[in-house]
Amino acid sequence: ILGVAKIKEKYDYKVVLCNADHPKIKNQIQLDMARTVSSDDENKEINKSKVTNILYAVSEVNGDIQYCQGMNYIGQFLYEAFGEEEAFYLFVGIFYNTEYSLIVGKDLQRLNILFYVFKRLISLFEPELSSYLNSCGVDVNFFLPPWFITLFTGSHHYLKPNDDNTKIILRIMDCFITFGWKAMMAMGCAVLHSYENTLISM
(Lines give C-alpha, C1' and ligand atoms only; values in the text may rest on other atoms or scores of the structure.)
Protein backbone atom coordinates (compact mmCIF):
# COMPACT_ATOMS: atom_id res chain seq x y z
CA ILE A 1 0.00 0.00 0.00
CA LEU A 2 1.34 3.40 -0.99
CA GLY A 3 0.81 5.58 2.07
CA VAL A 4 -0.23 9.21 2.11
CA ALA A 5 3.32 10.30 3.03
CA LYS A 6 4.69 8.72 -0.16
CA ILE A 7 1.92 10.28 -2.23
CA LYS A 8 2.78 13.68 -0.75
CA GLU A 9 6.39 13.13 -1.82
CA LYS A 10 5.23 12.37 -5.35
CA TYR A 11 2.65 15.17 -5.72
CA ASP A 12 2.22 18.67 -4.38
CA TYR A 13 -1.50 19.50 -4.38
CA LYS A 14 -1.11 23.20 -5.13
CA VAL A 15 1.37 22.57 -7.95
CA VAL A 16 -0.85 19.88 -9.49
CA LEU A 17 -3.87 22.19 -9.31
CA CYS A 18 -1.97 25.07 -10.95
CA ASN A 19 -0.76 22.80 -13.76
CA ALA A 20 -4.18 21.32 -14.51
CA ASP A 21 -5.47 22.50 -17.87
CA HIS A 22 -8.55 20.56 -18.93
CA PRO A 23 -11.46 23.03 -19.28
CA LYS A 24 -13.85 20.35 -20.56
CA ILE A 25 -13.25 18.13 -17.53
CA LYS A 26 -13.52 21.06 -15.14
CA ASN A 27 -16.85 22.00 -16.72
CA GLN A 28 -18.14 18.44 -16.21
CA ILE A 29 -17.00 18.48 -12.59
CA GLN A 30 -18.75 21.81 -12.00
CA LEU A 31 -21.99 20.44 -13.46
CA ASP A 32 -21.80 17.41 -11.16
CA MET A 33 -20.92 19.56 -8.14
CA ALA A 34 -24.11 21.57 -8.64
CA ARG A 35 -25.97 18.37 -7.69
CA THR A 36 -23.62 17.37 -4.89
CA VAL A 37 -23.37 20.25 -2.42
CA SER A 38 -26.46 20.64 -0.23
CA SER A 39 -28.50 23.74 -1.03
CA ASP A 40 -28.89 24.56 2.69
CA ASP A 41 -25.14 24.61 3.25
CA GLU A 42 -24.14 28.07 4.53
CA ASN A 43 -20.76 27.82 2.80
CA LYS A 44 -22.14 26.20 -0.33
CA GLU A 45 -20.13 28.15 -2.90
CA ILE A 46 -16.86 27.88 -0.97
CA ASN A 47 -17.30 24.14 -0.45
CA LYS A 48 -18.29 23.62 -4.06
CA SER A 49 -15.16 25.45 -5.21
CA LYS A 50 -12.87 23.45 -2.94
CA VAL A 51 -14.31 20.07 -3.89
CA THR A 52 -14.13 21.09 -7.57
CA ASN A 53 -10.44 21.85 -7.04
CA ILE A 54 -9.86 18.45 -5.40
CA LEU A 55 -11.51 16.59 -8.28
CA TYR A 56 -9.75 18.71 -10.88
CA ALA A 57 -6.37 17.98 -9.30
CA VAL A 58 -7.18 14.26 -9.03
CA SER A 59 -8.16 14.23 -12.72
CA GLU A 60 -4.75 15.72 -13.55
CA VAL A 61 -2.84 12.76 -12.04
CA ASN A 62 -5.22 9.98 -13.12
CA GLY A 63 -3.84 9.51 -16.61
CA ASP A 64 -6.40 8.24 -19.11
CA ILE A 65 -9.26 8.00 -16.61
CA GLN A 66 -9.18 11.61 -15.40
CA TYR A 67 -12.76 11.99 -14.15
CA CYS A 68 -15.95 9.93 -13.96
CA GLN A 69 -19.38 10.99 -12.77
CA GLY A 70 -19.81 9.72 -9.21
CA MET A 71 -16.31 10.67 -8.11
CA ASN A 72 -17.85 13.99 -7.00
CA TYR A 73 -19.49 12.22 -4.04
CA ILE A 74 -16.18 10.71 -2.95
CA GLY A 75 -14.48 14.08 -3.23
CA GLN A 76 -17.26 15.74 -1.24
CA PHE A 77 -17.10 13.11 1.51
CA LEU A 78 -13.32 13.22 1.84
CA TYR A 79 -13.36 17.02 1.90
CA GLU A 80 -15.94 17.09 4.69
CA ALA A 81 -14.01 14.50 6.70
CA PHE A 82 -10.41 15.67 6.15
CA GLY A 83 -10.25 19.07 4.49
CA GLU A 84 -9.13 20.11 1.01
CA GLU A 85 -5.48 19.08 0.64
CA GLU A 86 -5.72 15.87 2.65
CA ALA A 87 -8.78 14.84 0.64
CA PHE A 88 -6.73 15.12 -2.55
CA TYR A 89 -3.95 12.86 -1.23
CA LEU A 90 -6.43 10.31 0.13
CA PHE A 91 -8.37 10.22 -3.14
CA VAL A 92 -5.15 9.67 -5.11
CA GLY A 93 -4.36 6.93 -2.59
CA ILE A 94 -7.60 5.16 -3.50
CA PHE A 95 -6.47 5.06 -7.13
CA TYR A 96 -2.98 3.84 -6.21
CA ASN A 97 -4.00 1.23 -3.67
CA THR A 98 -7.17 -0.31 -5.10
CA GLU A 99 -8.72 -1.46 -8.37
CA TYR A 100 -11.15 1.45 -8.33
CA SER A 101 -9.76 2.67 -11.63
CA LEU A 102 -10.90 -0.54 -13.32
CA ILE A 103 -14.58 0.35 -12.98
CA VAL A 104 -14.30 3.98 -14.01
CA GLY A 105 -12.23 3.19 -17.06
CA LYS A 106 -13.39 3.19 -20.65
CA ASP A 107 -17.15 2.58 -20.98
CA LEU A 108 -17.32 1.25 -17.39
CA GLN A 109 -16.86 -2.26 -18.83
CA ARG A 110 -15.59 -3.76 -15.58
CA LEU A 111 -18.92 -2.94 -13.94
CA ASN A 112 -20.62 -5.59 -16.08
CA ILE A 113 -18.40 -8.24 -14.51
CA LEU A 114 -19.24 -6.97 -11.03
CA PHE A 115 -22.94 -7.00 -11.92
CA TYR A 116 -22.73 -10.64 -12.94
CA VAL A 117 -20.83 -11.69 -9.81
CA PHE A 118 -23.20 -9.77 -7.54
CA LYS A 119 -26.25 -11.34 -9.21
CA ARG A 120 -24.76 -14.77 -8.56
CA LEU A 121 -24.07 -13.89 -4.93
CA ILE A 122 -27.59 -12.77 -4.12
CA SER A 123 -29.08 -15.71 -6.01
CA LEU A 124 -27.00 -18.04 -3.82
CA PHE A 125 -27.28 -16.30 -0.45
CA GLU A 126 -30.56 -14.40 -0.77
CA PRO A 127 -32.56 -16.61 -3.17
CA GLU A 128 -36.00 -15.37 -2.10
CA LEU A 129 -35.02 -11.73 -2.51
CA SER A 130 -33.24 -12.47 -5.79
CA SER A 131 -36.33 -14.18 -7.16
CA TYR A 132 -38.55 -11.31 -6.02
CA LEU A 133 -36.35 -8.65 -7.61
CA ASN A 134 -36.29 -10.64 -10.86
CA SER A 135 -40.09 -10.95 -10.85
CA CYS A 136 -40.34 -7.16 -10.43
CA GLY A 137 -37.85 -6.55 -13.24
CA VAL A 138 -35.37 -4.87 -10.86
CA ASP A 139 -31.85 -5.58 -12.05
CA VAL A 140 -28.73 -5.03 -9.96
CA ASN A 141 -27.56 -2.35 -12.41
CA PHE A 142 -30.40 -0.22 -11.00
CA PHE A 143 -28.64 0.25 -7.65
CA LEU A 144 -25.07 -1.08 -7.91
CA PRO A 145 -23.47 1.71 -10.00
CA PRO A 146 -24.23 4.46 -7.46
CA TRP A 147 -23.06 2.16 -4.64
CA PHE A 148 -19.82 1.05 -6.25
CA ILE A 149 -18.77 4.09 -8.29
CA THR A 150 -19.24 6.36 -5.25
CA LEU A 151 -17.93 3.72 -2.77
CA PHE A 152 -21.23 4.21 -0.92
CA THR A 153 -20.50 7.92 -0.37
CA GLY A 154 -23.49 8.71 -2.58
CA SER A 155 -25.69 7.24 0.16
CA HIS A 156 -23.90 9.34 2.78
CA HIS A 157 -24.80 12.46 0.82
CA TYR A 158 -28.53 11.85 1.39
CA LEU A 159 -28.21 11.00 5.09
CA LYS A 160 -28.20 13.55 7.88
CA PRO A 161 -24.47 14.16 8.49
CA ASN A 162 -23.22 12.71 11.76
CA ASP A 163 -20.12 11.03 13.14
CA ASP A 164 -21.63 7.53 12.94
CA ASN A 165 -22.36 7.82 9.20
CA THR A 166 -18.86 9.15 8.57
CA LYS A 167 -17.28 6.31 10.56
CA ILE A 168 -19.25 3.71 8.62
CA ILE A 169 -18.15 5.10 5.24
CA LEU A 170 -14.53 5.33 6.41
CA ARG A 171 -14.72 1.70 7.57
CA ILE A 172 -16.04 0.70 4.15
CA MET A 173 -13.16 2.54 2.47
CA ASP A 174 -10.64 0.84 4.77
CA CYS A 175 -12.10 -2.56 3.90
CA PHE A 176 -12.05 -1.69 0.20
CA ILE A 177 -8.38 -0.70 0.32
CA THR A 178 -7.55 -3.90 2.23
CA PHE A 179 -9.77 -6.48 0.52
CA GLY A 180 -10.76 -4.88 -2.78
CA TRP A 181 -14.06 -5.52 -4.55
CA LYS A 182 -14.79 -8.56 -2.36
CA ALA A 183 -15.40 -6.13 0.50
CA MET A 184 -17.77 -4.02 -1.60
CA MET A 185 -19.66 -7.14 -2.71
CA ALA A 186 -20.02 -8.18 0.93
CA MET A 187 -21.25 -4.72 1.89
CA GLY A 188 -23.80 -4.72 -0.93
CA CYS A 189 -25.09 -8.14 0.13
CA ALA A 190 -25.27 -6.96 3.76
CA VAL A 191 -27.40 -3.97 2.75
CA LEU A 192 -29.82 -6.16 0.81
CA HIS A 193 -29.95 -8.72 3.64
CA SER A 194 -30.75 -5.98 6.16
CA TYR A 195 -33.65 -4.72 4.08
CA GLU A 196 -34.82 -8.03 2.62
CA ASN A 197 -38.17 -8.17 4.45
CA THR A 198 -38.89 -4.53 3.69
CA LEU A 199 -38.09 -4.94 0.00
CA ILE A 200 -40.16 -8.11 -0.38
CA SER A 201 -43.15 -6.41 1.27
CA MET A 202 -43.08 -3.51 -1.21
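When reading the values below, keep in mind they use all heavy atoms of this one structure, side chains included, and skip hydrogens, waters and symmetry mates.
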J.: Do Val117 and Met184 land in one hydrophobic cluster if side-chain heavy atoms of ILVMFWY residues count as linked below 4.5 Å?
T.: yes
J.: To the nearest 0.5 angstrom, please state how far the OG1 atom of Thr150 sits from the CD1 atom of Ile169.
T.: 7.5 Å
J.: What distance do Ile113 atom CD1 and Leu102 atom CG have between them, rounded to the nearest 0.5 Å?
T.: 9.0 Å
J.: How long is the straight-line distance from SG of Cys68 back to CD1 of Ile103, given to the nearest 0.5 Å?
T.: 7.5 Å
J.: Looking at side-chain heavy atoms only, is the closest gap between Glu80 and Asn47 below 4.5 Å?
T.: no
J.: Under a 4.5 Å cut-off applied to non-hydrogen side-chain atoms, are Leu133 and Phe142 in contact?
T.: no
J.: Considering non-hydrogen atoms only, spot the tightest contact between Lys50 and Tyr79 and give its length.
T.: CD-OH, 3.3 Å
J.: For the residue pair Ile122 and Leu192, establish whether any side-chain heavy-atom pair is separated by less than 4.5 Å.
T.: yes
J.: Tell me whether Val191 shares a hydrophobic cluster with Leu111, the cluster being built from Ile, Leu, Val, Met, Phe, Trp, Tyr side chains joined at under 4.5 Å.
T.: yes
J.: With a 4.5 Å limit on heavy-atom distance, are the side chains of Tyr67 and Asn62 in contact?
T.: no
J.: Counting distance only, does the side-chain N/O of Ser49 pair as donor-acceptor with the main-chain N or O of Glu45 below 3.5 Å?
T.: no
J.: Is the number of heavy atoms from other residues, nucleotides or ligands within 6.0 Å of NE2 (His22) greater than 12?
T.: yes
J.: Could you pull out the closest heavy-atom pair between Met71 and Gln66, with the gap in Å?
T.: CE-O, 3.8 Å
J.: Can a donor-acceptor pair be found, under 3.5 Å and without considering hydrogens, that links the side chain of Thr178 to the backbone of Cys175?
T.: no
J.: State, without any angle test, whether Asn72 and Gln76 hold a side-chain donor-acceptor pair at a distance under 3.5 Å.
T.: no
J.: State yes or no: are the ring centers of Phe91 and Phe95 separated by less than 6.0 Å?
T.: yes
J.: Any link between Leu90 and Val15 through a network of hydrophobic side chains (Ile, Leu, Val, Met, Phe, Trp, Tyr) touching at under 4.5 Å?
T.: no
J.: Could you report the tightest heavy-atom contact between Phe148 and Phe118, atom names first, then the distance?
T.: CZ-CD1, 4.5 Å
J.: Just how far is it from atom OH of Tyr89 to atom CD1 of Ile7, taken to the nearest 0.5 Å?
T.: 10.0 Å
J.: Could you tell me if the side chain of Ile25 sits less than 4.5 Å from the side chain of Gln28, heavy atoms only?
T.: no
J.: Tell me, which pairs form a side chain to side chain donor-acceptor pair (under 3.5 Å) where one or both residues lie in residues 9-21, sequence neighbours left out?
T.: Tyr11-Tyr96, Tyr13-Glu84
J.: Has the side chain of Tyr195 got a donor or acceptor atom that lies under 3.5 Å from a matching backbone atom of Ala190?
T.: no
J.: Is it the case that the side chain of Ser130 and the backbone of Pro127 share a donor-acceptor pair, with hydrogens and angles ignored and the cut-off at 3.5 Å?
T.: no
J.: Distance from Thr52 atom OG1 to Leu17 atom CG, nearest 0.5 Å?
T.: 10.5 Å
J.: Identify whether Phe125 and Leu114 are in the same connected component of the hydrophobic contact network (ILVMFWY, side-chain heavy atoms under 4.5 Å).
T.: yes
J.: Are Tyr132 and Val138 connected, step by step, through hydrophobic side chains (Ile, Leu, Val, Met, Phe, Trp, Tyr) whose heavy atoms are closer than 4.5 Å?
T.: yes
J.: To check you understand the geometry: which heavy-atom pair defines the closest contact between Phe115 and Val140, and what is its length?
T.: O-CG2, 3.8 Å
J.: Could you list the residues that satisfy salt bridge (Lys or Arg N to Asp or Glu O under 4.0 Å) with Glu196, not counting sequence neighbours?
T.: none
J.: Could you tell me which non-hydrogen atom of Phe176 sits nearest to which non-hydrogen atom of Ala183, and how far apart they are?
T.: N-CB, 4.1 Å
J.: Taking it one step at a time, do Thr166 and Phe77 satisfy side chain to side chain contact (heavy atoms under 4.5 Å, CB included)?
T.: CA-CA 8 Å; Thr166 299; Phe77 173 80; 4.0 Å; yes
J.: How long is the gap from CE on Met202 to CG on Asn197, to the nearest 0.5 Å?
T.: 13.0 Å
J.: What are the two closest heavy atoms between Leu55 and Gly75, and how far apart are they?
T.: CD2-CA, 4.2 Å
J.: Given side chains that start at C-beta, do those of Thr153 and Met173 come closer than 4.5 Å, heavy atoms only?
T.: yes
J.: Any salt bridge (Lys or Arg N to Asp or Glu O under 4.0 Å) involving residues 126-142? Give me the pairs, sequence neighbours left out, ordered by first then second residue.
T.: Lys119-Asp139
